Amino acid sequence: MPRTNIVFVMSDDHAAHAISAYGSRVNSTPHLDRIAQQGVRMDAVFCTNSICSPSRASILTGTYSHINGVSSIWTELDYRVPTFAEVLQRAGYRTAMFGKWHLGEHGQSLPRGFDTWKIFPGQGDYLDPDMVDPEGTRTMRGYATDIVTDLSLEWLDGLGADEPFCMLVHHKAPHRPWVPDEKHKHLYADGSIPEPDTFFDDNESRSKAVRGIRMTIADDMGADDLKQEIPEHLRGPQNREARMRWKYQIYMRDYLQCVQSIDDNVGRLLDRLQEKGLAENTLVVYTSDQGFFLGDHGWFDKRLMFDQSLQMPMLIKWPAAIPAGSRCDAIITNVDFAATFLDACGIEAATELPTSQGRSFLPLLRGEQVEEWPDAAYYRYWEHDDPIHAAPAHYGIRTADHKLIHYYGAGLGVPGASDRVFEPEWELYDLKADPAEMRNVADDPAYADVRADLEDKLEQYQRRYRDEPYQGPDTPRPDWGPYDQETLERVRRIFAR
Ligand code: CA
């Protein structure tokens with residue numbers, strides 16, 4: 001029997017509510033929808049730290065930030081923690097990685113476990129981007145999303161007929177600053193994009209820490225984001241509402257145009273797999289490293305535990321094993337991906353990737369009962385009061401019915417974290433009664449029992465994942481060093497060329 005191949009497509013900051021398979025009100029993504037129609041739409045996949053680098057490190061290693069070292073965009077991937085790509089390569093798979101890597105802002109973490117790789121330095125550029133490979137850095141001509149797909153198709157075409165492969169196609173789009181391809185600039189006429197129902201949320205019942213974040217479309221989205229100055233008549237507190245509406249149309253137009261390129265290019269990739277006779281036996285995944293606020297609660301960006309940011313879209317097609325048109329609402333996190341990919345290739349994560357904290361969810365897709373499958377997703381955001389968005393450090397859990405969040409009030413010496421201490425605060429949302437998460441009921445006496453149970457569950461999950469709850473300034477800090485000096489030197493030499 002031929003071995004299963006993996007094509008793992010991931011974009012950056014693509015929220016599920018901008019994919020028509022998830023019922024988007026703002027756009028249509030026919031090629032992404034094809035994956036859902038021919039496979040499964042995952043409805044409760046959550047990231048464990050809603051920001052680029054940490055999510056990527058969790059996916060590769062199957063571990064939380066405190067294990068793999070990537071707690072923020074300023075930290076490096078700990079080379080001692082193995083990745084699923086290394087395991088597959090060792091098992092005889094051909095492996096490749098193209099596009100956004102973003103593990104190590106300063107470039108000290110290079111891809112490992114790949115026969116071929118070519119990545120953007122840091123965030124990368126949309127137009128004529130530089131790309132880095134083992135030979136050094138080179139400027140590529142064209143639009144980033146097309147380039148990453150071209151490299152992927154070329155690599156696929158060069159494979160031998162029976163070689164099993166795993167290819168990571170990691171787009172930088174639709175990350176800020178949302179620069180679309182010229183050919184999509186006619187899409188989404190001004191005023192045509194519906195505003196979310198929660199656009200004018202006053203966030204009144206939320207914690208002070210959340211009310212203080214700088215992620216508002218009204219006041220924090222700037223001229224750089226909009227690629228133009230904010231007109232005089234829209235400035236000032238009296239013009240807040242009109243200014244939000246104006247900015248929203250520009251922001252969403254650019255964002256959705258970037259998404260359009262992804263959809264086109266996923267179509268190209270699916271077509272090529274079909275033409276090559278690889279569709280049946282290849283597991284194709286589409287996901288994004290986390291979600292994004294698309295005007296929800298008046299915000300853009302991510303970081304927080306509200307569903308638009310916490311949820312990762314995940315569409316999977318694998319005709320040999322997954323029935324077409326399936327849905328899965330089991331609670332899954334990005335630390336489960338590594339074990340799942342290995343499982344699909346017939347490799348046991350427990351023995352081959354023993355550091356993984358996740359579990360394969362493939363049995364769930366086959367409709368099997370899995371004992372003690374987690375009934376909550378544990379989350380921890382480490383960057384405290386970061387210099388751009390001022391988002392507070394926090395942890396919490398999301399179950400099918402509730403979400404409990406603790407803004408514990410301080411950073412833990414994480415690079416990029418501020419030492420500013422806030423008053424610790426809690427939020428609790430009843431997701432069944434209030435799916436839009438508009439009303440924090442943490443201090444509502446009617447929810448006292450629910451909150452007590454959730455606090456117990458939160459502690460239980462922290463123990464399960466061996467994460468230390470914050471107990472004050474004396475809480476022990478994770479030991480993340482030292483790194484392998486020889487590897488660091490090799491990486492620095494490649495980036496210096
Ligand atoms: Ca991201």
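Keep in mind that this is a model prediction, so the values were computed, not measured. Counting starts at 1 for both ligands and their atoms, in listed order.
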### Atom pair CZ/CG of Arg359 and Asp336 - distance to nearest 0.5 Å
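Those atoms lie 8.5 Å apart.
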#### Entry: Arg206 to Phe306 six-membered ring, cation-pi geometry met (6.0 Å, 45°)
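Checked: cation-pi criterion met.
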#### Entry: Tally of protein N, O or S atoms, where distance to the Ca ion (ligand 1) is under 3.0 Å
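Every protein N, O or S atom under 3.0 Å from the Ca ion (ligand 1) counted, the figure is 7.
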### Task
Give the C-alpha distance, both sets of side-chain angles, the deciding distance and a yes or no for ring-ring contact (aromatic ring centres under 6.0 Å, His included) between Tyr395 and Tyr408.
CA-CA 8 Å; Tyr395 50 70; Tyr408 49 85; 5.0 Å; yes
### Query
Does His170 have any side-chain hydrogen bond (donor to acceptor under 3.5 Å, both in side chains) partners at least two apart in sequence or in another chain, and if so, which?
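With neighbours one apart ignored, the set is empty.
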### Message
Restricting to side chain to side chain contact (heavy atoms under 4.5 Å, CB included), what partner residues turn up for Asp467, sequence neighbours left out?
### Response
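Only His66, Tyr378, Arg380, Trp382 meet the side chain to side chain contact (heavy atoms under 4.5 Å, CB included) criterion with Asp467.
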### By side chain to side chain contact (heavy atoms under 4.5 Å, CB included) - contacts of Leu362 (at least two apart)
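Once residues adjacent in sequence are excluded, the partners of Leu362 under the side chain to side chain contact (heavy atoms under 4.5 Å, CB included) criterion are Trp318, Thr340, Asp343, Ala344, Ser360, Leu365, Arg366.
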